[in-house]
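Notes to accompany the following structure.
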Amino acid sequence: MTDMTLSAGPKAPSPLVEAAKDAVFAAILVFLLSWLMIGYQTQVLQGQPMSYVTRYSDVLWAVFLIPAGRFLMTLTRFDRTLPAVIGGALGFIYLFIPGVLGVLEVPVYGEFFVTVDPLQPDILPFEQPMVNVIFGIGAFFVLAAGLRARRKKTVGAQTLEVREAAEARQARISKNLSSILGPLLIAVALIIPFTPWGDRKLVDTLILVMTYVMLGWGLNIVVGLAGLLDLGYVAFYAVGAYTYAKLSIDLGLDFWASLPIAGAIAATFGVALGFPVLRLRGDYLAIVTLGFGEIIRIILINWQIFTGGPNGLGNIAKIDFFGIPFERNPKEGELAFHTLFGLDFSPVHRIYFLYYVIIALALVTNFVTIRLRRMPIGRAWEALREDETACRALGINPTNTKLTAFALGAMFAGFAGSFFATRQGFVSPESFTFIESAVILAIVVLGGMGSQVGVALAAILLIGLPEVLRELSLYRMLVFGGVMVLIMLLRPKGLLSFRVPTIQLHGKKALPPTTAGAVK
Amino acid sequence: MLNISRVHTFYGHIEALKGIDMEIKQGEIVTLIGANGAGKSTLLMTICGTPRARSGRIVFEGKDIAQLPTYEIMRLGIAQSPEGRRIFPRMTVQENLRMGAITADAQYFEQDLERVFTIFPRLKERAGQRGGTLSGGEQQMLAIARALMSRPRLLLLDEPSLGLAPIIVRQIFSTIKEINRQQGMTVFLVEQNANHALKLAHRGYVMVNGVITLSGTGQELLSNAEVRAAYLEGGH
């Protein structure tokens, strides 16, 4: 945009010159960024001092391809769309497809394109197939930009009505999708351990995913409904985890007795933090909560006697089946899970049980959230997010209302924390860093603020995807980041973003709100 | 019903209200007119507690409310349709009304809803629609209806004619009159549209730079030469 305003001089320079200038600048930038980071890679071979390999060709390709793409995209802004369409398509075909085949190690494609045999010279720009895939995606964006600009030229700019109707349609699709996906996901989650794929590794991953689903739903109360940006949510997760750890180690309480205590203590922390800071708004609140998260972590590290410091607390009691342990050899005269049900002992039983426990906890969180939304307090949260001044004028006490949201969110984090502690059998401050808060927040935002199914999907994507992608090793986080960027580009309001009214006019055949909005 | 005496309100060091005395009696429509920046909205908001009066007394039904927090004042039987309407744009019309009734006894909700739908049939048609998609006039109706849902005894209206077409303004004003006549609702109306407001009101006050300069019945003020010169002629 800036170069367009700059060019608004007495005589506008030609688009080609503008785009070329921009591309040269991009090339310089890419070179500066890539020549050290991509150009050299250190390697350690056994028995030898550390050395490095150079990858100059990769740098050269990057310095060529990125500015080229940028050049084509700049041209689309001057209504020269054809080069972008052709260039983008070519780039996509020659980078993305062979790249994907290379990643999947499909051998036959050599006949069509190139070979992945490391001994053979390769006409693909980058040695690693994955990098070609990423550049192929970049080419796709150039292609998309070209096509979109072409369509805009023929259709003309969208009117407000058209855009609102499109938005309403999208909200309706999201809503319908959610009402199908929600029960489906729950059903799949419930039966998956009994399917042939439900091995220990998968169930373990799913436990992790479900923990984050629960945390996402908990934070959704605070961020999605009440609109309070909380960057220190992990603090309450930590409080829950350490509460259970202490109760289990020092007092010998079991998981079920500790769960409500952990939730209550986490909620108390929520109130204690919330009371002084909830009169702050927006950015300021975010900063204070961020600080609170760090304070808790630093206390955990430094309060050696109570929290075990950086070493954490170990030997936390494992979960039991409502008082009956999962043990191979129970004490004389006592029951164990497998003897109770007449099964052969298997360590998997406990994993499966953990899995159902976290599903139950998450569903409770979900259920409570949905119920509260339809009650005055839930409606007050949403109203508060929209207009605090108006709320005060309606007789709502903003501080107390926010405080309940904060405390409730903290309580569910506390439950999740206890679960985490009993699953791991060990807690340490390392599990409760800022990045955890960021991931949970990302789940809520990517899912679509306030959308329960969306949050679940985002958790599956954000937690499940890196696990699935482990085989890509080096490029795991790169792909992960790319997916996040893609979601935000394609669905800026989140995966499934819509809002169901909390009350409907009963008995009257009022139009559903989305269509009514579209009709107008 | 509402007695305001010697109220001073400050924004920082700036004195916005310089000793206001005013009385609103049960069943009246009282209007406050004045130019932009005279302090009309400040007085209405001071009654609501934001900003807080620095000195003076605001007595509502025998209770001094000057130092109470806003949300407590609004539970005593005072409701407000704020300047700029401030409806909840993402919530439906019905949810907005439900928000208005949040401090009221839930058992009256259906009954009150029917009542405001009778006053504003338009809102009934749009019950399921998002507040933000309503037209300006409908939003104003919604703001007043939302205020009525808390079953107030005193209704504060801050510039209900703001930004509306003349025909809609007439509609809104006749509705206010109806609410007053049929339900005996006491109304305090802050307006720039002096002509309409004075015709509607039983009594009126004129504010200039934070001071009440004139008061009298609506008719008296309408025929007052000063008022005519300053607020009625030339502008319209």
Side-chain angles (χ1 to χ4, degrees), chain A residues 160-161 163-165 167-168 171-172 224-225 227 279 373-402 449-450 493 497-520, chain B residues 44-45 47-50 69-104 106 109-110 113 117 123-135 138 143 146-147 149-152 156 158:
Chain A
L160 188 70
E161 276 83 27
R163 216 170 43 222
E164 245 183 39
E167 237 168 59
R172 202 163 55 241
L225 289 183
R279 45 203 90 225
R373 251 202 85 207
R374 302 208 175 112
M375 282 159 58
I377 181 73
R379 234 177 259 128
W381 289 338
E382 280 192 81
L384 215 51
R385 185 186 60 190
E386 299 212 352
D387 194 330
E388 188 170 332
T389 314
C391 279
R392 220 177 273 133
L394 294 174
I396 295 168
N397 181 342
T399 312
N400 284 359
T401 310
K402 288 181 189 172
M449 300 258 251
K493 288 179 178 172
S497 153
F498 66 95
R499 183 178 174 280
V500 190
T502 54
I503 29 170
Q504 315 254 319
L505 201 60
H506 48 80
K508 309 284 186 303
K509 47 181 194 296
L511 287 168
T514 44
T515 47
V519 164
K520 189 186 179 278
Chain B
L44 186 138
M45 291 309 291
I47 297 172
C48 300
T50 30
T70 303
Y71 58 86
E72 278 182 28
I73 295 171
M74 307 319 283
R75 287 176 188 185
L76 295 174
I78 300 178
Q80 180 209 51
S81 155
E83 187 176 7
R85 312 188 263 265
R86 288 188 172 273
I87 56 152
F88 302 112
R90 276 161 52 96
M91 293 183 154
T92 64
V93 167
Q94 209 182 2
E95 285 174 305
N96 267 283
L97 295 174
R98 179 73 91 155
M99 286 307 301
I102 202 156
T103 56
F109 178 73
E110 295 294 326
L113 197 64
F117 279 160
L123 293 181
K124 189 167 186 173
E125 290 167 31
R126 306 228 176 256
Q129 197 170 320
R130 273 188 298 134
T133 63
L134 298 179
S135 72
E138 290 165 346
R146 186 178 65 181
M149 288 301 289
S150 68
R151 327 193 107 227
L156 310 176
D158 199 345

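Proteins come first, then strands; the chains are lettered A, B, ... in the order of their sequence lines, and each starts at number 1.
Taking 4.5 Å as the heavy-atom cut-off, the residues of residues 72-85 of chain B that approach chain A are M74(B), R75(B), Q80(B), ordered by number.
Using modelled atom types, no side-chain atom of E95(B) and backbone atom of R379(A) make a donor-acceptor pair closer than 3.5 Å.
Contact between A380(A) and I102(B) at its shortest, heavy atoms only, is CB-CD1, 3.9 Å. Summarising the geometry of P398(A) relative to Y71(B), their closest heavy-atom pair is CD-CD2, 4.0 Å, with the distance given to 0.1 Å.
To the nearest 0.5 Å, atoms CG (L384(A)) and CE (M99(B)) are separated by 8.0 Å. Distance check: L394(A) CG to M149(B) CE gives 11.5 Å after rounding to the nearest 0.5 Å. Between the CD atom of E386(A) and the CZ atom of R86(B) there is a distance of 12.0 Å, given to the nearest 0.5 Å.
If you measure heavy-atom distances from S150(B) to chain A, you find no contacts under 4.5 Å at all. Contacts of P69(B) with chain A are absent, with no heavy-atom separation under 4.5 Å from either backbone or side chain.
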